[in-house]
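Notes follow the structure.
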Protein chains: 2
Amino acid sequence: MDAASGIESMAAKADRVAGFLKGLASPHRLLILCELTQGERSVTDLIEATGLPQSSMSQHLAKLKEEDIVSFRREHRTLYYFLDNKAAREVMTVLFDNFCRDDAPG
Amino acid sequence: MDAASGIESMAAKADRVAGFLKGLASPHRLLILCELTQGERSVTDLIEATGLPQSSMSQHLAKLKEEDIVSFRREHRTLYYFLDNKAAREVMTVLFDNFCRDDAPG
DNA sequence: ATATGATATCATGAAAATATGAATTGATAA
DNA sequence: TTATCAATTCATATTTTCATGATATCATAT
């Protein structure tokens with residue numbers, strides 16, 4: 001594909017892509033995703049790791065599910081969430097590299 | 001850096017990183033950024049390419065400047081904007097690859 | 001059948017983002 | 001110095017997002 005057709009296909013998909021990015025674009029959801037970058041976590045794990053109230057966590061996870069960024073499996077009463085999206089993994093890598101490395105600017 | 005320290009440094013920078021992502025997370029701004037991926041553009045160019053009203057364009061560009069995603073140079077009365085952020089370029093590449101290629105899902 | 005633990009949903013209010021049209025600035029050409 | 005073009009800023013209304021607390025669901029252990 002050449003550059004121009006990339007733009008057009010992006011235009012056609014702008015809503016979807018923006019929805020995907022909005023899924024990531026919250027400080028609290030970024031913290032959740034950082035955890036999930038390391039492996040699957042129960043909702044309780046995530047609440048402890050981030051300090052978010054239970055209801056808030058549940059709503060953030062719902063948003064991430066809506067955008068197909070995370071999935072979960074059930075084990076007894078506990079739900080284990082995991083990062084289940086290639087694009088999201090790749091964006092997280094870009095973010096780590098650009099904002100979190102020792103030599104990152106800012 | 002190992003994975004765990006990545007998470008902590010992300011936590012410390014979550015607000016900044018979320019702000020950066022919010023800069024990208026709008027269908028209209030994605031269209032703007034698609035144009036700028038191809039090279040610099042005047043505000044008028046961008047208005048024609050996207051069909052956005054002039055005031056709206058200006059506000060979107062202001063937001064992109066706020067997050068240090070774009071810069072501009074002046075030539076006579078005309079301002080030429082350009083994509084001036086490594087992380088943003090890398091994210092755009094991830095988005096093209098995952099959402100706009102012929103073999104992309106969805 | 002009931003109590004408990006894990007999680008989701010609902011209802012509400014506050015804060016932030018977006019679009020729109022009018023007014024303004026700033027640079028240049030006449 | 002006035003008119004004009006390019007772009008920004010302002011004011012406002014609408015929509016979206018986010019946090020919070022209360023309630024509900026759902027699976028399991030007693």
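Order of the sequence lines sets the chain letters (A, B, ...), proteins ahead of strands, with each chain counted from 1.
For D:dA29, neither phosphate oxygen OP1 nor OP2 lies less than 4.0 angstrom from any side-chain nitrogen or oxygen of A:Arg77.
A donor-acceptor pair under 3.5 Å is formed between the side chain of A:Thr93 and the backbone N or O of A:Arg89. A donor-acceptor pair is defined here as one N or O able to donate and one able to accept, closer than 3.5 Å; no such pair exists between the side chain of A:Lys13 and the backbone of B:Cys100. Side-chain atoms of A:Arg73 do not come within 3.5 Å of backbone N or O of A:Phe82 as any donor-acceptor pair. Listed for the A:Ser58 side chain is no donor-acceptor partner under 3.5 Å among the backbone atoms of A:Gln54. Formation of a donor-acceptor pair under 3.5 Å by the B:Arg101 side chain with backbone atoms of B:Phe96 is not found in this model. A distance-only check finds no donor-acceptor pair linking the side chain of A:Ser56 to the backbone of A:Leu52 [under 3.5 Å].
B:Ser55 comes within 4.0 angstrom of a nucleotide base, judged by non-hydrogen atoms across all strands. Among the heavy atoms of the strands lying under 4.0 Å from A:Thr78 are primed sugar atoms or P, OP1, OP2 only; no base atom is included. Counting non-hydrogen atoms under 4.0 angstrom, B:Tyr80 reaches nothing in the nucleic acid. No engagement by A:Phe72 is indicated, since no non-hydrogen atom pair under 4.0 Å with the nucleic acid exists. Across all strands shown, A:Thr44 has heavy atoms under 4.0 Å from sugar-phosphate atoms exclusively, and none from any base.
Mapped onto DNA chain D by nearest heavy atom, A:Glu75 and A:His60 fall at different nucleotides, with A:His60 at the one closer to the 5' end. Closest-nucleotide positions on DNA chain D for B:Gln59 and B:Ser42 were compared, and the one nearer the 5' end corresponds to B:Ser42.
At whole-Å resolution of the value, CZ in B:Arg41 and P in D:dA6 are 17 Å apart. For the pair A:His76 NE2 and D:dA29 C1', the interatomic distance rounds to 12 Å; values are reported in whole Å. Distance CZ (A:Arg73) to P (D:dA27): 17 Å, rounded to an integer number of Å. In this structure, the CD atom of A:Gln54 is 13 Å from the P atom of D:dT20, given to the nearest Å. If you take NZ of B:Lys63 and P of D:dA7, they are 22 Å apart, rounded to a whole angstrom. Rounded to an integer number of Å, the gap from A:Glu66 CD to D:dT16 C1' is 12 Å. Straight-line distance from the CD atom of A:Glu67 to the C1' atom of D:dT17: 13 Å, rounded to whole Å. Put simply, CG on A:Leu52 is 13 Å from P on D:dG21, counting in whole angstrom units.
Ring geometry for A:Tyr81 against A:Phe72 counts as tilted: the plane angle lies between 30° and 60°, on a 0 to 90° scale.
Within residues 18-27 of chain A, no residue is approached by DNA chain C to less than 4.0 Å at the level of any non-hydrogen atom.
B:Ile32 and B:Tyr80 fall into different hydrophobic clusters, where Ile, Leu, Val, Met, Phe, Trp and Tyr residues are linked whenever their side-chain heavy atoms come under 4.5 Å apart, directly or through other members.
Taking every nucleotide of DNA chain C with any atom under 4.0 Å from a non-hydrogen atom of chain A, the first and last of them, 5' to 3', are C:dT4 to C:dA11.
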Self-check item: Stepwise salt bridge (Lys or Arg N to Asp or Glu O under 4.0 Å) check, A:Glu67 with A:Lys63
Solution: CA-CA 6 Å; A:Glu67 296 298 339; A:Lys63 177 125 194 171; 5.9 Å; no
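Separation of atoms CG (B:Asp45) and CD (B:Glu35) is listed at 8.0 Å; rounding is to 0.5 Å.
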